[in-house]
Amino acid sequence: MQTNLAAFIKDTPEGREADAILRKCVHCGFCNATCPTYQLLGDELDGPRGRIYLIKQVLEGAAPTAKTQLHLDRCLTCLACETTCPSGVEYGRLADIGRHVVEKRVPRDALSSAWRGALRTVIPYAARFEPLLKLGRLTRSLLPAALKSKVPTAPAAAGAWPAPIHARKMLVLEGCVQPSLAPSTNAAAARVLDRAGISLVRAESAGCCGAVSFHLNAQDEALDTMRRLIDAWWPHVEQGVEAIVITASGCGVTVKDYGHLLRHDPAYAAKAKRVSDLTKDISEAVIAEGEKLKLLIPPPSSLIPGQRIAFHSPCSLQHGLKLKGKVESLLTSLGYSLTDVPQTHLCCGSAGTYSILQPELSQQLQANKIAALESGKPEVILTANIGCQTHLQSATALPVRHWIEALDEILPPRA
Ligand code: SF4
Ligand code: SF4
């Protein structure tokens, strides 16, 4: 695709990056076939090819409008289009650049601004989110139906966190909402890695990864959040942790991108790259220890007799981290029986704050995903990202859990 970027962006790092991405796109439209919003709305401007054109026009000097912003807002950033694109177009990076430019030029109305500001003020801070969640649980019966479904019931207890006795150590991202919504996930990860001879450790004062603010187009605020997390982690990195483990695949995509996002910051570029290089999704850490763990597992028939499991692969896991099929293969190799799930490439509609900001589209995607997951008559749904987990749980009677908890349960306790 030929480009002629406008002077305001042409010679900036963002302009050069956007230009290189745009020039890769051959306008074939293959990506539209796997785009959830294009499938639902049937509008070229609600598919990746149309959004790429919208961004191109803005970067070439056209004035963005509220309609431009709407089409970009409706994008889930699920990155199914990147998986499909035969030309390697990095749609996600282009969307980040385009959204940032549009956000600065198209003012939002007061309600939308206040709502987005409130999300940025609460969600990334566990100390603010947790009391509000507790209040929501106490007043659940009084809430309107739309809000009620967003307030999950009290989670299962986390269980014990093993003492850090091993020479091999990995650091874990605690995250912002996950400790309140599913404290058992990281504790289960710690117990599984402990059986493999690895201590999972937590960093004092480490908080959100920055994804919430970044995807609400508050990118400078997000970069500050990332710097704070790097500062909190750095002493552990210097002490030689062998990996940074992330149990929410959505956060994993962001942390693996720190090196790129902070590459122009002289004080943080090298540290950010080191953090990204160390970052692993929990599936990568467990798969690397798979043989050791398999030896610990008694014959599957005695532990999970006939339990049928549907695995929901989050977009961040399959399209963002490019780990499609890895957890499914691991679970199968460990003896689990997975049901067939049609159209696994499609988003469930959670997508960070999307389910709050675009409720109609989100609910359609949620209903389609639940139907697909339930079609094989499973008894439990397993997934790999807290956002998908709570979003799906709000629409099904089946238990929805992180897969690491299921693995934790079948491994015998440490002797
Ligand atoms: S992004 Fe890729 S798949 Fe989509 S139109 Fe461009 S080249 Fe084709
Ligand atoms: S990121 Fe997802 S929703 Fe956005 S254009 Fe690509 S496929 Fe469509």
Side-chain angles (χ1 to χ4, degrees), residues 1-3 17-60 64 67-103 211 214-217 249-250 252-254 257 312-322 324 343-369 372 385 387-388 391:
M1 186 187 286
Q2 286 200 331
T3 56
E17 185 179 22
D19 196 53
I21 296 170
L22 286 167
R23 284 172 179 269
K24 279 193 194 168
C25 177
V26 296
H27 197 45
C28 63
F30 288 167
C31 49
N32 279 356
T34 55
C35 172
T37 55
Y38 182 75
Q39 283 190 8
L40 289 181
L41 299 165
D43 182 334
E44 174 72 14
L45 296 180
D46 283 311
R49 182 172 60 180
R51 291 183 177 121
I52 287 169
Y53 257 90
L54 285 175
I55 294 168
K56 177 177 186 284
Q57 286 171 344
V58 170
L59 300 184
E60 288 184 336
K67 190 169 178 312
T68 317
Q69 192 172 54
L70 175 67
H71 291 299
L72 297 183
D73 282 352
R74 282 184 186 153
C75 169
L76 296 137
T77 325
C78 68
L79 305 185
C81 48
E82 284 197 5
T83 299
T84 306
C85 176
S87 303
V89 172
E90 293 170 294
Y91 169 86
R93 293 208 191 287
L94 183 67
D96 289 340
I97 295 167
R99 282 168 160 162
H100 194 44
V101 171
V102 171
E103 194 72 19
F214 198 84
H215 293 300
L216 285 167
N217 297 327
S249 54
V253 173
T254 298
D257 217 21
H312 166 62
S313 181
C315 301
S316 44
L317 188 72
Q318 56 174 314
H319 306 305
L321 295 173
K322 317 281 186 218
K324 184 176 171 61
Q343 300 215 295
T344 50
H345 64 280
L346 285 177
C347 181
C348 68
S350 170
T353 54
Y354 192 93
S355 63
I356 299 167
L357 297 171
Q358 299 289 335
E360 287 171 21
L361 286 172
S362 170
Q363 281 162 24
Q364 287 180 61
L365 292 167
Q366 181 191 51
N368 293 346
K369 182 57 73 179
N385 185 51
C388 309
H391 184 62

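For ligands, and for the atoms within them, numbers begin at 1 and follow the listed sequence.
Interface of His27 with ligand 1, defined as ligand atoms under 4.0 Å from a residue heavy atom, comprises 5 (S), 6 (Fe). Distances below 4.0 Å separate heavy atoms of Gly29 from the following atoms of ligand 1: 5 (S), 8 (Fe).
Of the N and O atoms on the side chains of Gln39 and Asn32, not one donor lies less than 3.5 Å from an acceptor on the other residue. Side-chain contact check for Thr68 and Arg99: no donor-acceptor pair (N or O, by modelled atom type) lies under 3.5 Å. Checked by atom type, the side-chain pair Thr84/Thr34 shows a donor-acceptor distance below 3.5 Å.
Without hydrogens or angle criteria, Lys369 side chain to Cys347 main chain gives no donor-acceptor distance under 3.5 Å. Side-chain N or O atoms of Gln318 include one that pairs as donor or acceptor with a backbone N or O of Ser313 at under 3.5 Å.
One finds a salt bridge joining Lys322 and Glu82 here, because a Lys/Arg side-chain nitrogen approaches an Asp/Glu carboxylate oxygen to under 4.0 Å. A salt bridge links Arg51 with Asp46; the closest basic N to acidic carboxylate O contact falls under 4.0 Å.
Here the side chains of Ser355 and His391 are in contact, with some heavy-atom distance below 4.5 Å. In this structure the side chain of Asp19 never reaches within 4.5 angstrom of the side chain of Leu59, judged on heavy atoms.
Comparing Ala33, Ala95, Cys35, Gly320 against atom 8 (Fe) of ligand 2, the shortest heavy-atom distance belongs to Cys35. Proximity annotation for atom 1 (S) of ligand 2: of Thr37, Leu79, Leu361, Leu79 comes nearest, heavy atoms only.
For atom 2 (Fe) of ligand 2, the closest heavy atom belonging to the protein is Cys78 SG, 2.3 Å. Taking atom 4 (Fe) of ligand 2 as the reference point, the nearest protein heavy-atom neighbour is Cys75 SG, 2.3 Å. Given atom 5 (S) of ligand 2, the protein heavy atom at minimum distance is Arg51 NH1, 3.1 Å. Counting protein heavy atoms only, atom 3 (S) of ligand 2 is closest to Leu76 N, 3.4 Å.
Only side-chain heavy atoms of Ile52 come within less than 4.0 Å of ligand 1; its backbone N, CA, C and O stay farther off.
Protein atoms of type N/O/S that fall under 2.8 Å from atom 2 (Fe) of ligand 1 number 1 in this view.
Ring pair His215/Tyr354: centre-to-centre distance not below 6.0 Å.
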